[in-house]
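Notes follow once the structure below has been shown.
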2 protein chains.
Amino acid sequence: MPARIEDVAAAAGVSMKTVSRVFNREPNVRERTRQIVLQVAEELNYRPNPSARSLAGNRSYQVCLMYDNPSSNYVMEIIGGVLDACEGHRYGMMLRPLDYTSEDHVESAREMLAQYRPDGLVLTPPLTDDERLLEVLRDSGIPYASVSAQSHHASMGATLDERCAVAEMMAHVIALGHRRIAHITGHPAHGARAWRLDGYLDGLKQAGIEFDSTLVVEGEFSFESGVAGARQLLDGPSPPTAIFAANDDTACGVICEALERGLAIPGDLSVFGFDDTPMSRHVWPSLTTIRQPSREMGKVAAEQLLRFIREKVPGGIVRIPYELKLRRSTGRAPG
Amino acid sequence: MPARIEDVAAAAGVSMKTVSRVFNREPNVRERTRQIVLQVAEELNYRPNPSARSLAGNRSYQVCLMYDNPSSNYVMEIIGGVLDACEGHRYGMMLRPLDYTSEDHVESAREMLAQYRPDGLVLTPPLTDDERLLEVLRDSGIPYASVSAQSHHASMGATLDERCAVAEMMAHVIALGHRRIAHITGHPAHGARAWRLDGYLDGLKQAGIEFDSTLVVEGEFSFESGVAGARQLLDGPSPPTAIFAANDDTACGVICEALERGLAIPGDLSVFGFDDTPMSRHVWPSLTTIRQPSREMGKVAAEQLLRFIREKVPGGIVRIPYELKLRRSTGRAPG
DNA sequence: CTGTTAGCGCTTTCAT
DNA sequence: ATGAAAGCGCTAACAG
């Protein structure tokens with residue numbers, strides 16, 4: 001049987017409450033007393049019982065990560081970040097996959113809240129933009145932090161200036177001589193679709209290149225939409241010399257379709273994506289992309305949340321820096 | 001405030017214990033009583049409090065998934081499977097990433113067990129083969145199930161006959177006319193290294209092809225080891241016409257290196273991998289590989305574990321079927 | 001088949 | 001700065 005708080009209290013010659021104070025880092029414990037308690041606890045190999053703590057404290061000491069699997073890599077990075085943040089706070093993490101296209105996903109979220117009572121939530125895109133879900137969360141009074149947070153949807157989280165990042169990458173590609181640059185957009189349910197599209201438009205405008213609507217085709221952040229988009233663009237009357245795919249999956253679809261047609265990359269066509277997934281280094285040619293430090297963002301979001309839970313100080317939205325990754329899929333414009 | 005078991009008992013005109021029986025699907029409750037309890041609970045929107053349940057029942061109602069991130073996709077699949085299994089049992093899942101190369105990973109595991117007291121564990125490779133870790137688990141008395149279970153390491157879990165799968169794939173490639181087939185092995189810490197190598201040897205033997213040790217080079221399940229292995233093999237005096245890479249990551253490295261040298265795939269070189277990761281469909285040319293239904297395996301392993309936890313019936317090791325995925329990276333041998 | 005009683009190990013509240 | 005007492009909401013053990 002593991003040692004209980006009572007055992008530690010007895011052995012240290014103090015009350016249970018004092019031991020509790022020490023373990024919860026509460027004030028009003030003499031340093032000397034604290035030392036004794038910690039040492040005795042160590043000797044007895046004491047670990048607070050999480051269930052008892054939760055029950056008595058009326059908190060679950062659990063944070064819930066809700067996601068709608070956009071990509072495994074992305075979610076695993078976020079998971080890692082959230083776990084990192086939880087570590088230091090003696091908090092656990094629970095996972096809740098949600099399919100935002102399903103009719104009852106909001107109901108399912110509500111049910112989860114009722115059953116498991118997490119003390120807070122971390123949300124990833126596109127759930128961060130799901131108004132019906134956010135409404136339920138706000139009604140429930142459970143605090144949440146967003147990865148990829150926008151101030152009108154969340155009060156805390158981590159964010160990245162995707163628009164600015166894309167504009168910067170556009171400038172780079174334009175400097176390589178490209179003028180006909182196409183864009184395959186992201187999925188409409190994601191806020192990122194608009195931010196990345198805006199960055200594309202900004203890039204054109206800043207270079208004084210006129211917008212050509214035939215160079216923008218709809219995608220959905222998938223490999224398949226990259227293949228389809230590339231087909232549409234490359235079959236057009238005057239095809240682009242460069243394609244900005246809204247994420248790396250889409251970019252891989254573009255690369256496949258281009259190679260399939262015998263085009264050289266980047267000789268005939270430059271391609272760039274967004275996310276810097278591991279795959280972007282593992283395809284041929286390696287993919288120029290924009291690095292989004294997802295793990296860091298997950299960690300920061302969770303930290304904002306935990307700070308709020310524990311200290312009731314409203315955590316804000318933290319801006320995380322991006323990074324351009326220039327690889328082999330982009331090069332000088334042909335001709 | 002949410003309804004408590006006491007409220008339900010009062011409203012239903014029964015004792016707390018009867019309500020408890022109903023919610024825990026225990027026997028000895030008249031069907032009529034059961035109905036009433038369930039209806040009243042529904043009306044009061046009652047949800048059992050997990051902490052109270054754990055505390056009183058001296059169980060955490062949590063399963064811990066331990067992994068040493070071989071690949072995000074793999075882990076996410078397993079997570080999905082374990083969550084699927086937990087769903088029906090009102091169990092939660094906690095995550096414990098472990099780095100088996102770190103000196104203190106066993107200690108860290110022990111600490112986790114002491115703090116969070118999961119009722120059972122699900123292990124993924126290569127932790128399934130980590131004798132020091134397994135010893136700690138057996139000492140602790142906490143049951144565990146393995147994904148990719150071997151009977152001498154685990155008493156329950158899910159397994160897949162990798163050896164047989166590889167041999168079957170070898171037969172296919174040999175039927176395409178290949179004789180000089182190389183192998184880039186997996187990481188030595190994984191049991192899979194040996195199983196897949198054995199399958200390769202079986203394949204050669206069954207076709208009466210003599211084993212050539214210069215055609216086997218060491219890898220480690222990484223993209224980079226694929227690149228390095230391909231270099232070594234293709235630079236040799238009489239290079240192979242086909243390469244079996246121990247997993248898809250490695251195979252991608254092989255493909256990249258081959259394309260880099262201007263080789264046509266599968267015209268000059270056939271390549272095949274193992275795992276059927278999403279990437280295998282998203283590279284060019286698409287990759288011939290062996291499908292391992294990881295999610296299903298995670299689910300089955302967790303189910304075996306949960307059955308054991310709840311009913312004390314020793315779960316066994318369940319064999320899961322594999323599937324050959326013939327894609328574009330393999331073709332007739334040149335010449 | 002159903003109920004009663006006594007905790008589980010901690011935190012809360014209030015007293016000192 | 002520290003402690004005593006009273007629960008948190010449930011299940012275990014036993015009684016009927």
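All values below come from the heavy atoms of this structure, side chains included, with hydrogens, waters and symmetry mates left out.
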Partners of [X] by salt bridge (Lys or Arg N to Asp or Glu O under 4.0 Å), sequence neighbours excluded?
X	answer
B/Asp68	none
B/Arg132	none
B/Glu77	none
B/Asp119	none

**Message:** Once side-chain hydrogen bond (donor to acceptor under 3.5 Å, both in side chains) is applied, do any residues pair with A/Thr128, and if so which ones, sequence neighbours excluded?
**Reply:** none
**Request:** Identify, with sequence neighbours excluded, every residue that meets side-chain hydrogen bond (donor to acceptor under 3.5 Å, both in side chains) alongside A/Arg96.
**Result:** A/Ser108
Can you name the side-chain contact (heavy atoms from CB on, under 4.5 Å) partners of [X], sequence neighbours left out?
X	answer
B/Arg4	B/Glu6, B/Asp7
B/Glu107	B/Asp104, B/Arg110
B/Arg307	B/Gln304, B/Glu311, B/Val313

**Message:** Rounding to an integer number of Å, can you tell me how far B/Arg47 CZ sits from D/dC8 P?
**Reply:** 21 Å
**Request:** Quickly work out the A/Leu55 CG to D/dC8 C1' distance and round it to whole Å.
**Result:** 4 Å
**Item:** Phosphate contact (D/dT11 OP1 or OP2) by B/Asn24 side-chain N/O below 4.0 Å
**Value:** yes
**Complete:** Note: contacts of residues 4-22 of chain B with DNA chain D (heavy atom, under 4.0 Å) are B/Arg4, B/Ile5, B/Met16, B/Lys17, B/Ser20
**Asked** Residues from residues 25-46 of chain A sitting under 4.0 Å of DNA chain C, heavy atoms only?
**Response** A/Tyr46
**Prompt:** With distance as the sole criterion, is a donor-acceptor pair present between the side chains of B/Asn58 and B/Arg117 under 3.5 Å?
**Reply:** no
**Prompt:** First contact, last contact: which nucleotides of DNA chain C are these for chain A, 5' to 3', heavy-atom distance under 4.0 Å?
**Reply:** C/dG9 to C/dT13
